[in-house]
Structures are given as C-alpha cells and as structure tokens.
Amino acid sequence: MKKLAAALIGAVSLAAMAHAQDAVIQAGHVLAVPGEGYLTNQTILVEDGRIVSITPGFTTPKKYPVIDLKKSYVLPGLIDSHVHITSENGPEGRIKEFEDSDVDAAFDGAAFALKTLKAGFTTVQDVGGANDAVFGLRDAIARGAVPGPRLRASGGSVAITGGHGDINGYSARVMAAFTSSSVCNGADDCRRAVRQQIKEGADLIKITATGGVLSNTAAGLEQQFSDEELKAIVEAAHAMGRKVTAHAHGKSGVDAALRAGVDSIEHGTYLDAESIALFKENGVTLVPTVLAGATVTGWTNEPWLPAPSRAKAAIVGPLMLDMLRRAYEGGVNIAFGTDTGVSRHGDNAQEFALMVEAGFSPEEAIRAATVIASEHVEMATDIGTLEKGKYADLIAVTKDPLKNIKELESVDFVMKGGEVVKPLD
C-alpha cells in the first residue's frame, strides 16, 4: 500500500502542477492524417487544449511559448483500443484479486495510466476491470485529478456462469462471494446484466463470447453464450446507446457474435474466410491484440500460470500473428489494440512491429492506432488526427517511424490536450 500511495500522490502532484498551455509548435515533419503522408516544416497553433491551425513554414503567429520540434516527426496521440489499466498479469496476480480492494486497483491504475500516457498513448479503451476501480479512475482522469490517457471503459465483462470472464478455479464459497453481477444465464438475465453495467457507468459493453486463455478452466475456446443470449445482449446495449465488443477466439463464437450484431471483435484467433465475409458484410471492426498472443506464448512453462491457462496459451499464442495476416489481407477494418495488462503497461507500442510483420505498412499500422481507432472508440470528432478544432494530442520522435516502426516504442515528446506530459530532452 505504501508504494501505491506514493504512486498516487506523485500522480496527483503532477496533475496539479501541469495544465494545458497555449503554445506554438514548430514541427519538421507532421503526419497530420496518417495515411496521407507527411507535411513538412509546419507551425501548429494550440489554444485552450485544442489545435487552432496548422500552417506551412516556421512562424510565431502569437506570442506564446515556442516548442521546437523542427528536427522531429510529429504524429497524433496514439490510441489503444484494448487495455486493462488497473491490473498487470504476473506471479502475484491471482492472490491480488483477494488481497486488494477496488481502491488498491484504482491506485495501481493511476500508476499504469501515467506509464501509458508517457509512452505516447493519449487515449485508451479499457475492456474488463472492476467497475468501481476503472470507472473511478476514468472520471478522475477526466476531471484532471490524476494524469492519464483519455479513458473509455466497459467495466466488468458480461459472461456466462463458469465461462471466461467469470471467476474460476477457487473453492465454491470463494467463487460465490466474488461472482460479479455481470455474470448471466439466459436471454432475459443477460439483458439485465447489460442494463446493470450501463447503470453503473459503462461506456460500452464487453462480452466474452468464447472461452479465453487466462481463465482458470478447461472449458475450451469456442462459443459460450447461446445465439439467443448474444442477440439479447446486443439488443439491450444498442437500445441504450452502447456498442458491444466481443472477446472471441474460436470460429463458432466469432461468427455467432458477428451474426448477432456486435460492433467489434477482440482477438479473433480462429477467424476464417467465412468470418471475414461476415466482418465486412456487417461493418465490424477487429481489435487483434497480437502482443497478448506473443506474451502468453512465453508463459507456457511459468508455474504461476494455472495448468489450463498454460495449455491454452501454448495453442492460441502462436496463432495470432497469422490471424492478423488473414484479416489484413481479407480487408477487415482493424483498430489497434494490445490487451495490455497481459503484457506490461507502457509497452503498448510493441504491437506495431507485429502488425508490420503481419503485412501492414508502417503508416497503415499508425493509421490503425489513430484514425481507425478514434472511430472505433467513438471519439473521431476530437482525436485521431491533427486538424483544426481537435484536441492537441500529439507525440514526436526524432527518427522517421515510417522507415522503422520501432521508433514508436520510445517516444521523445508527448502532449495531451495542450499539456506537455513528456518534454523533448
């Protein structure tokens, strides 16, 4: 608790000292709209946290502080569409579920949020965390009490009893005490669970349509909700203005979720040509999380990971890169997402190199983490590109990421909403 308290006190102090500033940014190369190439030698005018103008040449349109990025490559702030901001997997993960309160999780989340922001991710979507912890952190960041990326959150996953997203692998009495209200069975009960999550503050609904790797149960990786339950979830969420994203590995669950009308799929490991056709027919986005696959592949001999999870990690992890290659070649709409919390917070940008390995050009990968991700998280009017009227969320690196995408694994400058979070050394 002392370390957690110190982290939060430090975060609060930073939030209190920092504020959006009016500024003139002189930038050598600006990827204002990823997919459209660089603008060179540009001046970006920032007022009240938003971009007022981007104009050719190095000028000083107003007597504001000048930020010199003339030798840098400037991009929109990055967006990770799949994180778990209040936790990080590791040897102590299972016991922390019982030793830590939601307050502890929120403290952890504050520290992880600051790491994420300094890594250049100015917006993230959390899809699976304790309601009080993640919604409280989201709201604290939004009001400026602690620093962090713009945070959109689903809260707890809607899941079936005994499925991925439920609590598994403990004594019956322990599991009964810790079962979430978002666990449901039958169409009517699933409607109730969706409505309860929205009542408690969910920005979107996350469901576990199939089994998963890290749940401590040998229940497979295929469809878990019935077709009727899936349809009820989607209808209830859409009726209340919320999108639905579905964790799904096995093809049966991927396809069932797509037919039921979900808005996006997380992971999609076993998708095939039929699945790809459904993605495109229904305008559904894939969030691939290949970094999570690479991470769990390295855990197959870790004694702290329960045996069912080790077995599933050995199967699923190595398949995810080829899944992304199939989806990319098939023309699926793909938004950047990592499942960070499985991997370490602050390492989110390692997903880019995996995307390039799967066939993306560096600029296409960046577009997935900016333009496409901003649309996916329903914030495209405010973020995702560097244009007049949008938030001054931007990052900079000193070498060209279109030549080496790994440059984004160590950004040199971060601004969120006009506030310099990481200054250029």
Side-chain angles (χ1 to χ4, degrees), residues 31-37 75-76 78-82 125 127 204 207 209-210 221 223 230 234 238 243-294 316 318-339 348-380 383-385 401-402 405 408:
L31 197 65
V33 181
E36 297 183 5
L75 294 74
L78 302 173
I79 303 164
D80 191 333
S81 302
H82 185 140
Q125 180 162 274
V127 285
L204 73 157
I207 67 170
T210 72
L221 294 163
Q223 182 174 350
L230 289 169
V234 171
H238 287 178
K243 289 190 173 183
V244 179
T245 195
H247 155 107
H249 286 289
K251 172 182 163 54
S252 61
V254 170
D255 291 359
L258 291 169
R259 291 190 180 102
V262 301
D263 302 284
S264 53
I265 296 285
E266 313 287 330
H267 316 305
T269 306
Y270 289 92
L271 61 79
D272 64 6
E274 183 182 13
S275 311
I276 288 170
L278 286 168
F279 268 99
K280 295 167 74 174
E281 178 184 340
N282 296 319
V284 177
T285 297
L286 172 67
V287 182
T289 69
V290 179
L291 180 57
V316 170
L319 298 176
M320 295 188 74
L321 185 66
D322 193 56
M323 169 276 300
L324 180 55
R325 184 178 292 111
R326 294 195 306 275
Y328 170 76
E329 291 175 353
V332 174
N333 190 53
I334 296 167
F336 182 100
T338 63
D339 208 355
N348 312 56
Q350 291 179 9
E351 181 89 9
F352 284 115
L354 295 168
M355 295 177 78
V356 170
E357 187 176 349
F360 287 71
S361 71
E363 191 162 4
E364 286 173 328
I366 293 167
R367 183 175 175 83
T370 52
V371 176
I372 296 173
S374 72
E375 295 165 353
H376 174 60
V377 302
E378 301 183 274
M379 298 175 69
I383 62 173
T385 61
L402 301 190
I405 195 66
L408 296 179

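These numbers come from the heavy atoms of this one structure, side chains and all, not from hydrogens, waters or symmetry mates. Everything quoted here is computed from the prediction, not taken from an experiment.
- Note that the CZ atom of F336 and the OG1 atom of T338 stand 6.0 Å from one another [nearest 0.5 Å].
- Minimum interatomic distance between A209 and A248 (heavy atoms only, all atoms of both residues): CB-CB, 4.3 Å.
- Note that OG of S264 is 13.0 Å distant from CD1 of I334, once rounded to the nearest 0.5 Å.
- No donor-acceptor pair closer than 3.5 Å links the side chain of D263 to the backbone N or O of T245.
- The minimum heavy-atom distance linking P34 with T370 is given by the pair CG-OG1, 3.3 Å.
- Put simply, NE2 on H376 and CG on L286 are 9.5 Å apart, with the number rounded to the nearest 0.5 Å.
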Problem set entry | Test salt bridge (charged side-chain N to carboxylate O under 4.0 Å, His left out) applied to E375 and K243, step by step | CA-CA 12 Å; E375 295 165 353; K243 289 190 173 183; over 6 Å; no
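- The distance from atom CG of L258 to atom CD of E274, rounded to the nearest 0.5 Å, is 10.0 Å.
- Looking at heavy atoms from C-beta onward, L75 lies in side-chain contact with L408 at the 4.5 angstrom threshold.
- A donor-acceptor pair is defined here as one N or O able to donate and one able to accept, closer than 3.5 Å; such a pair exists between the side chain of E363 and the backbone of E36.
- Rounding to the nearest 0.5 angstrom, the gap separating the NZ atom in K251 from the OG1 atom in T210 is 13.5 Å.
- Annotation: the span from M323 atom CE to D272 atom CG amounts to 13.0 Å, rounded to 0.5 Å.
- Across V254 and G268, no two heavy atoms sit closer than the pair CG2-CA, 4.1 Å.
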